[in-house]
Amino acid sequence: MGRLGLRCLAAWTCLGFCLAAARWAPEPDQPFRFPDGWRRAGRVAASEVLSLTLALRQQNVARLAELLREVSTPGSARYGRFLSLAEVQSLVRPSALTLDTVHKWLEAYGIRDCRGVSTLDFLQCLVPAGKAEQLLPGAQFHRYVNGERSVVRSPFPYTLHEELAGHVDFVGGLHRFPAERKVISRAWATEKSLPQRSELLTFHLGVTPAVIRKRYNLTDRDVGATPNNSQACAQFLEQYFHQADLAEFMNLFGGGFAHRSSVDQVMGHQGRGKAGVEASLDVEYLMSTGANISTWVFSNAGRHESQEPFLDWLLLLSNLSALPWVHSVSYGDDEDSLSRAYMERVNVEFMKAGARGISILFASGDSGAGCRKATGGEHVFRPSFPASSPYVTTVGGTSFRHPFLVSAEVTDYISGGGFSNVFPMPSYQVSAVRRFLSTASKLPPSSYYNHSGRAYPDLAALSDNYWVVINRIPVPWVSGTSASTPVLGGIVALINDRRLQQGLAPLGFLNPALYQLQAQGSSPALYDVTEGCQLSCLDATVQGQGFCAAPSWDPVTGWGTPNFPELLRALLVQ
Ligand SMILES: *[C@@H]1O[C@H](CO)[C@@H](O)[C@H](O)[C@H]1NC(C)=O
Ligand SMILES: *[C@@H]1O[C@H](CO)[C@@H](O)[C@H](O)[C@H]1NC(C)=O
Ligand SMILES: *[C@@H]1O[C@H](CO)[C@@H](O)[C@H](O)[C@H]1NC(C)=O
Ligand SMILES: *[C@@H]1O[C@H](CO)[C@@H](O)[C@H](O)[C@H]1NC(C)=O
Ligand SMILES: *[C@@H]1O[C@H](CO)[C@@H](O)[C@H](O)[C@H]1NC(C)=O
């Protein structure tokens, strides 16, 4: 392979030979479909400069997975002994042959404007479209527009020269469209019973930080106190939070507990666009739950029309040696809209972060079990990624049983959850999921899901009826797992804060500890959510019903919602 590779490297200067040479498709299963709202606006000029992201093949991925398990599992000799970015680099950096092959290939095409990352496993290159089409035979770059937004993508699959097989995982900036994310807005008052007269003294008109703190047993003294603790949320939309909205939110809802009213670091670019409800929601609830903790916002809207904002965030994680310990991310795509090579590689990026002690939380999605037509025409559930990654902590959603009282929680029917069709079930959850499958009273037909896949979510929190301040105005009825995820992010950051105070390492990748904790029987650390079902396919067989919550773990609310003092006690392990 090495020798063959070199022979062709020389030939790359001769384009004719190379075009005739065998090609290889890194993402043969990557569908191209542009989402609703986008339309094609013509082919781009050959001179137009694109930004392509090359994911270079890493080394020692199996060893990384093993190290991640060891540093994240309480009781293991390596628990909490996280790797530095430099240690991750020396483990996963591409081989000399890979680096050499890729650099020679780029050089042969005169591509020099590239930026790498600390771990050497990504390259981001500026390439004129005409040259990119030669570099990636098959690709053809077109502009797509959606209102004021425009991106450049290729509706046709790309290939690489055969000699790059084994050296490149995928090339970003060709097929995947930027995330669409919308919180749900809904008014319950007309649908559910209003409070009884006797309850009027205690009722609330929607979720505020006071309601969150009351339900999850956070006292006013449960705030961060460690100077170098930190937390973050990541956003991939062309909308921004405004410091003034955050200040107004804290002014209205931040009474009683110490908190910060401004974000410390904005990574990426922020400030030109308009305020968005999703952006405001993340920051306002991360900072009122993880109160008084230094907060960063990763704002990657994609400056270049060909960038993939989510990939840009992953590159930043690999390029910064000091990062917040907790990241809350409300973003996802359908698993079936992504290639396996892409998802496998994104998983490795999560492993790299986890091995460094970083906790990554993803929203489980707002479509319940989801639904799509399989190739035979029959319906199946539709898992979402990265919610279905075995290397992140996935957060589902709940509602109060009584919408206007701080009461027990039930399933929020939108709560995303189910089983991955791509990733096998990780060992940390096998017994919990088996127990659910063997005891659940009403399971959907097994043809709708793959019971041997990674099952999610892992945890849940309230996702219904939040107050958010946007453009200086308090807005009610904001709902979705985009709300529950920053709340849990803040709680994990508070637990990290106590751990750091006691000289312990941060929690890192939470799932092994979480499943181990709950396996010991019903622990008071989490409120088990046992009522309600999520939505799914509207067909005669399942009639709109997905999985249902059940005692212990379930694929709608995971282990349940946090009881802060007990969860803190349980996770202050060495
Ligand atoms: C990574 O960081 C280095 C050093 O700060 C910088 O030169 C490089 O451009 C960064 N890479 C990317 C892809 O932004
Ligand atoms: C948490 O709060 C609930 C009421 O909201 C109470 O029943 C429970 O005892 C509290 N638990 C702890 C550990 O403080
Ligand atoms: C808030 O955090 C700072 C450190 O960042 C700490 O000095 C201060 O005591 C904290 N406030 C409270 C009320 O704990
Ligand atoms: C926190 O800051 C102290 C003092 O600057 C430093 O010794 C310690 O290593 C820092 N801890 C972390 C987790 O960054
Ligand atoms: C179910 O998932 C497992 C593990 O991810 C996989 O090996 C298997 O092929 C899947 N089965 C089907 C029918 O997709």
Side-chain angles (χ1 to χ4, degrees), residues 29 51-56 85-86 89 112-126 172-173 218-231 250 254-262 264 267-269 287-288 290-295 298 300 302-304 307-309 311-325 335-336 340 343-344 347 349 372 374-376 378 380-383 385 388-390 418-427 429-430 433 437 445-456 490 493-494 496-498 500-501:
D29 53 340
S51 168
L52 298 177
T53 302
L54 310 178
L56 274 50
L85 181 59
Q89 192 258 50
R112 290 188 190 87
D113 195 355
C114 296
R115 298 185 302 166
V117 295
S118 303
T119 44
L120 307 179
D121 46 5
F122 281 114
L123 273 179
Q124 208 157 54
C125 301
L126 296 178
L218 291 156
T219 70
D220 286 350
R221 291 174 312 284
D222 289 319
V223 298
T226 314
N228 49 7
N229 187 22
S230 52
Q231 58 188 1
M250 290 300 184
F257 56 94
H259 58 263
R260 300 180 178 217
S261 298
S262 64
D264 281 328
M267 305 299 299
H269 54 120
M287 291 188 69
S288 55
N292 198 37
I293 295 176
S294 173
T295 303
F298 287 81
N300 294 85
R303 211 186 304 242
H304 242 276
Q307 264 167 331
E308 293 184 34
L311 279 180
D312 292 346
W313 173 67
L314 290 178
L315 263 67
L316 269 177
L317 295 189
S318 275
N319 211 22
L320 294 172
S321 55
L323 280 175
W325 293 115
E335 254 185 6
D336 58 280
R340 180 176 283 268
M343 290 186 280
E344 300 273 8
N347 272 349
E349 299 309 306
R372 78 181 167 93
T375 34
E378 70 284 8
V380 292
F381 293 158
R382 182 169 227 175
F385 181 82
S388 71
S389 165
F419 293 75
S420 172
N421 288 319
V422 178
F423 306 111
M425 191 178 296
S427 58
Q429 69 171 187
V430 167
V433 180
L437 289 171
S446 60
S447 61
Y448 280 69
Y449 63 99
N450 183 338
H451 64 82
S452 57
R454 144 69 157 152
Y456 67 95
L494 284 176
N496 274 346
D497 207 88
R498 299 300 170 77
L500 292 169
Q501 277 173 44

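Counting starts at 1 for both ligands and their atoms, in listed order.
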Under a 3.5 Å threshold, I'd like every N/O contact between ligand 5 and protein atoms, with atom names and distance.
| from | atom 1 | to | atom 2 | distance (Å) |
| --- | --- | --- | --- | --- |
| ligand 5 | 2 (O) | Asn450 | OD1 | 3.2 |
| ligand 5 | 2 (O) | Asn450 | ND2 | 2.3 |
| ligand 5 | 2 (O) | Ser452 | OG | 3.4 |
| ligand 5 | 5 (O) | Pro424 | N | 3.4 |
| ligand 5 | 11 (N) | Asn450 | ND2 | 2.9 |

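Geometrically, ligand 1 and Leu315 share no nitrogen or oxygen pair separated by less than 3.5 Å. Annotation: Thr226 places no N or O atom under 3.5 Å from an N or O atom of ligand 3; distance criterion only. Considering backbone and side-chain atoms alike, Asn319 places an N or O below 3.5 Å from some N or O of ligand 1.
Leu123 has its side chain out of reach of Thr53: every pair of non-hydrogen atoms, C-beta onward, lies at least 4.5 Å apart. Within the 4.5 Å cutoff, the side chain of Arg260 has no heavy atoms near those of the Met250 side chain. Using a 4.5 Å cut-off on side-chain heavy atoms (C-beta onward), Ser447 and Val380 make no contact.
Judged by distance alone, the side chain of His259 and the main-chain N or O of Ser288 form no donor-acceptor pair under 3.5 Å. Judged purely by atom type and a 3.5 angstrom limit, Asp497 uses its side chain to pair as donor or acceptor with the backbone of Thr226. One N or O on the side chain of Asn319 and one on the backbone of Ser118 form a donor-acceptor pair closer than 3.5 Å. Under a 3.5 Å cut-off, the side chain of Arg454 and the backbone N or O of Ser389 do form a donor-acceptor pair.
Ser388 meets the side-chain contact (heavy atoms from CB on, under 4.5 Å) test with Glu335, Phe385, Ser420, Phe423, Tyr456; sequence neighbours excluded.
Contacts between Arg260 and ligand 3 below 4.0 angstrom, taking non-hydrogen atoms only, involve the side chain exclusively.
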Intermediate values then yes/no, side-chain contact (heavy atoms from CB on, under 4.5 Å), Gln124 and Ser51: CA-CA 7 Å; Gln124 208 157 54; Ser51 168; 3.7 Å; yes
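Every atom of ligand 3 is numbered from 1 in the order shown, and the set under 4.0 Å from a heavy atom of Ala258 is 13 (C). Shown in contact with Gly224 at under 4.0 Å from a heavy atom are these atoms of ligand 3, numbered in order with element: 1 (C), 2 (O), 10 (C), 14 (O).
The closest approach between Ser118 and ligand 1 stays at or above 4.0 Å for every heavy atom of the residue.
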